[in-house]
J.: 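Below are the structure tokens for one structure; questions will follow.
One-based numbering, in listed order, for ligands and for the atoms of each. Along the sequence shown, residues are numbered consecutively beginning with 1.
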Amino acid sequence: MTRPLLVSPSILAADFARLGDDVRAVDEAGADWIHIDVMDGHFVPNISFGLPVIEAIRPLTRKPFDVHLMISPVDRYLEAFARAGADIITVHAEATSHLDRSLQQIRTLGKKAGVSLNPATPASVLKHVLDRLDLILVMTVNPGFGGQSFMPAMIEKIAEIREMVRGRAIDIEVDGGITRANAADVVRAGANVLVAGSAIFRAREYAAEIHAIRTAATSIAA
Ligand code: DX5
Ligand code: ZN
């Protein structure tokens with residue numbers, strides 16, 4: 001099964017003083033989803049933004065909100081993120097003691113359920129929750145900060161996950177250091193959703209950059 005290629009700009013790299021304008025701008029520039037990084041200063045060594053910010057930008061675009069929760073504990077906040085406007089809610093396997101329960105809770109809320117894996121976490125943790133999943137987010141940097149370099153060792157993990165999910169309606173998303181230079185490599189390995197923060201928001205033309213990433217990614221399509 002071939003999943004559609006999607007680009008999900010991470011607003012962590014947006015200009016927070018004009019966040020609404022940036023959300024509208026990437027929407028118009030061709031973003032498929034809006035990637036929203038929530039960090040708690042506990043699960044990851046950085047704090048970003050939370051519920052009120054998501055609520056504030058929700059009316060500005062109809063694009064799906066791809067919410068990446070880097071928070072622990074996480075279960076007690078899932079309902080609030082669903083209400084704030086998340087369409088896809090991704091939790092870290094390392095941030096919940098009961099991954100199966102967290103995923104069930106997300107689907108019960110009527111949202112798509114994602115699991116994210118830190119670079120050091122093996123793909124095998126996904127094996128017994130595949131039926132509960134809509135998306136797997138392979139971190140290609142250690143989570144917590146934008147602007148880090150892509151870790152090539154994650155290519156092997158993406159390929160392993162691609163084999164694991166074959167035949168299922170599960171998106172494979174990559175996040176961290178994604179640029180037009182490595183888009184083809186991650187897609188060749190099996191990813192179909194590309195998160196990009198600094199590559200897009202530091203570009204002069206958001207549309208041109210999104211287009212360049214998409215073109216690089218689809219140029220290898222088999
Ligand atoms: C890192 C975040 C990423 C980050 C990506 O913890 O999950 O989404 O914003 O930023 P870039 O594309 O700059 O690596
Ligand atoms: Zn992210």
J.: Report yes or no: do Val193 and Val165 belong to one cluster of Ile/Leu/Val/Met/Phe/Trp/Tyr joined by side chain heavy-atom distances under 4.5 Å?
T.: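 Not linked; separate clusters.
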
J.: Side chains of Ser8 and Asp66: do they bring a donor and an acceptor to under 3.5 Å?
T.: yes

J.: Without hydrogens or angle criteria, can the side chains of His35 and Asp37 be said to hold a donor-acceptor pair below 3.5 Å?
T.: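 Result is yes, a qualifying pair exists.
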
J.: Is it the case that one hydrophobic cluster holds both Trp33 and Ile106, taking links as side-chain heavy atoms less than 4.5 Å apart, direct or via other members?
T.: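 Result: no, two separate clusters.
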
J.: Please list, in number order, the atoms of ligand 1 under 4.0 Å from a heavy atom of Gly146.
T.: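 Near Gly146, the atoms of ligand 1 are 10 (O), 13 (O).
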
J.: Going by the atom numbers of ligand 1, which of them fall below 4.0 Å from some non-hydrogen atom of Pro143?
T.: 6 (O)

J.: Is it the case that over 12 heavy atoms from other parts of the model lie below 6.0 angstrom from the CZ atom of Arg18?
T.: yes

J.: Classify the ring geometry between Phe43 and His92 as parallel (under 30°), tilted (30 to 60°) or perpendicular (over 60°).
T.: tilted

J.: Would Ala13 count as a contact of ligand 1 if the rule is a heavy atom under 4.0 Å away?
T.: no

J.: What's the shortest distance from atom 5 (C) of ligand 1 to any protein heavy atom, and which residue and atom give it?
T.: Asp175 OD1, 3.5 Å

J.: Near Gly177, which atoms of ligand 1 are under 4.0 Å from a heavy atom of that residue?
T.: 11 (P), 12 (O), 14 (O)

J.: Counting from 1, what ligand 1 atoms have a heavy atom of Leu12 closer than 4.0 Å?
T.: 9 (O)

J.: Report the nearest protein non-hydrogen atom to atom 9 (O) of ligand 1: residue, atom name, distance rounded to 0.1 Å.
T.: Ser10 OG, 2.9 Å

J.: Please determine whether the number of non-hydrogen atoms from other residues, nucleotides or ligands lying under 6.0 Å from atom CD of Gln104 exceeds 12.
T.: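 Counting other residues, nucleotides and ligands, CD of Gln104 exceeds 12 neighbours.
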
J.: Can you tell me the angle formed at the Zn ion (ligand 2) by ND1 of His68 and OD1 of Asp37, to 10°?
T.: 90°

J.: Give the atom numbers and elements of ligand 1 that come within less than 4.0 Å of a heavy atom of Ser198.
T.: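 Answer for ligand 1: 11 (P), 12 (O), 13 (O).
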
J.: Quick check on Arg107: does its CZ atom have over 12 non-hydrogen neighbours (other residues, nucleotides or ligands) under 6.0 Å away?
T.: yes

J.: Please confirm whether Met139 comes within less than 3.5 Å of ligand 1 when only nitrogen or oxygen atoms on both sides are compared.
T.: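 So ligand 1 has no N or O lying under 3.5 Å from an N or O of Met139.
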
J.: Any nitrogen or oxygen of Gly176, side chain or backbone, less than 3.5 Å from one on ligand 1?
T.: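 No - when backbone and side-chain N and O of Gly176 are compared with those of ligand 1, no distance drops under 3.5 Å.
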
J.: More than 12 heavy atoms of other residues, nucleotides or ligands under 6.0 Å from NZ of Lys63: yes or no?
T.: yes

J.: How large, to 10°, is the angle at the Zn ion (ligand 2) when you draw lines to OD2 on Asp175 and to NE2 on His35?
T.: 100°

J.: With atoms numbered from 1 as shown, which atoms in ligand 1 lie under 4.0 angstrom from a non-hydrogen atom of Met70?
T.: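 Those qualifying, in numeric order: 6 (O), 7 (O).
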
J.: When you measure from atom 12 (O) of ligand 1 to every protein heavy atom, which one gives the shortest distance, and what is it?
T.: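 Here the nearest protein heavy atom works out to Gly197 N, 2.8 Å.
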
J.: Going by side chain to side chain contact (heavy atoms under 4.5 Å, CB included), Phe81 matches just one of Val67, Leu109, Ile36. Which one?
T.: Val67

J.: Tell me whether Phe145 reaches ligand 1 (any heavy atom closer than 4.0 angstrom to a ligand atom).
T.: yes

J.: With a cutoff of 4.0 Å, is Ala196 in contact with ligand 1, counting heavy atoms of the residue only?
T.: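 It does; at least one heavy atom falls under 4.0 Å.
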
J.: Mark up the atoms of ligand 1 that fall under 4.0 Å of a heavy atom belonging to His68, in ascending order.
T.: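 Ligand 1 atoms under the 4.0 Å threshold to His68: 7 (O).
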
J.: List every atom of ligand 1 that sits less than 4.0 Å from any heavy atom of His35, numbering the atoms from 1 in the order shown and giving each element.
T.: 8 (O)

J.: Where do Pro143 and Asn118 come nearest, in terms of heavy atoms and distance?
T.: CG-OD1, 3.0 Å

J.: Got Val138 and Leu117 here, is their nearest side-chain heavy-atom distance under 4.5 Å?
T.: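 Side-chain contact under 4.5 Å: no.
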
J.: Which residue and non-hydrogen atom of the protein lie closest to atom 6 (O) of ligand 1, and at what distance in Å?
T.: Gly144 N, 2.8 Å

